[in-house]
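Below: the structure, in structure tokens.
In what follows, residues are counted from 1 in the order of the sequence shown.
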Amino acid sequence: MSDVEALKAEIKKLSARAMNAKMNLHDLSEELPINWQTVLDVAQKTYDAFAELEAKREQLKTLETA
């Protein structure tokens, strides 16, 4: 498997993880004020998932243009 193919597979997994984190944050927001104490933790996990996804997308873009 090439580096590009491996990175695309990793991006696919990260995208699913980011979407799951987004839905968790969305669900939490609809339940507020219940579990308000977990907002920062859930938001941080969502932020981290999207940050990692964006970094990998930039890495793929660099590989594809090289």
Side-chain angles (χ1 to χ4, degrees):
M1 182 180 274
S2 75
D3 288 343
V4 171
E5 290 172 358
L7 195 51
K8 284 182 180 181
E10 186 176 358
I11 287 171
K12 187 175 181 178
K13 290 178 186 176
L14 288 172
S15 181
R17 193 176 96 197
M19 289 302 116
N20 186 45
K22 176 182 133 179
M23 290 310 300
N24 288 342
L25 186 58
H26 177 267
D27 292 346
L28 177 61
S29 72
E30 288 187 339
E31 296 170 357
L32 288 173
I34 299 169
N35 293 325
W36 67 267
Q37 302 91 337
T38 63
V39 168
L40 291 177
D41 183 49
V42 174
Q44 185 64 56
K45 287 178 182 177
T46 304
Y47 177 91
D48 293 344
F50 276 96
E52 187 176 2
L53 176 60
E54 183 63 27
K56 292 296 179 179
R57 285 180 174 162
E58 287 297 319
Q59 188 179 355
L60 177 63
K61 185 177 175 182
T62 301
L63 278 177
E64 288 180 330
T65 59

(Q) Rounded to the nearest 0.5 Å, what separates atom NE2 in H26 from atom CG in N24? (A)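 If we round to the nearest 0.5 Å, H26:NE2 and N24:CG are 11.5 Å apart.
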Tell me every residue that passes side-chain contact (heavy atoms from CB on, under 4.5 Å) with [X], counting only those two or more places apart in sequence or in another chain.
| X | result |
| --- | --- |
| L60 | V4, L7, K8, I11, E64 |
| Q37 | none |
| D27 | M23 |
| N35 | L28, E31, T38 |

Q. Do V42 and W36 sit in the same hydrophobic cluster, where Ile, Leu, Val, Met, Phe, Trp and Tyr count as joined when their side-chain heavy atoms come under 4.5 Å apart?
A.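 Yes, V42 connects to W36 through the hydrophobic network.
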Q. When clusters are formed by joining ILVMFWY residues with side-chain heavy atoms under 4.5 Å apart, either directly or through shared neighbours, do L25 and L40 land in the same one?
A.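 In one cluster: no.
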Q: Provide the full list of salt bridge (charged side-chain N to carboxylate O under 4.0 Å, His left out) pairs with a residue in residues 45-54, sequence neighbours left out, each pair given once.
A: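 Counting only pairs at least two positions apart or across chains, the salt bridge (charged side-chain N to carboxylate O under 4.0 Å, His left out) contacts touching residues 45-54 are R17-E52, D41-K45.
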Q.
What I'd like to find out is whether the side chain of S15 reaches to under 4.5 Å of the side chain of R57, using heavy atoms alone.
A.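 Yes. Closest side-chain heavy atoms under 4.5 Å.
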**Q.** Distance-minimising heavy-atom pair for T46 and A21
**A.**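 Reported closest heavy-atom pair: OG1-O, 3.2 Å.
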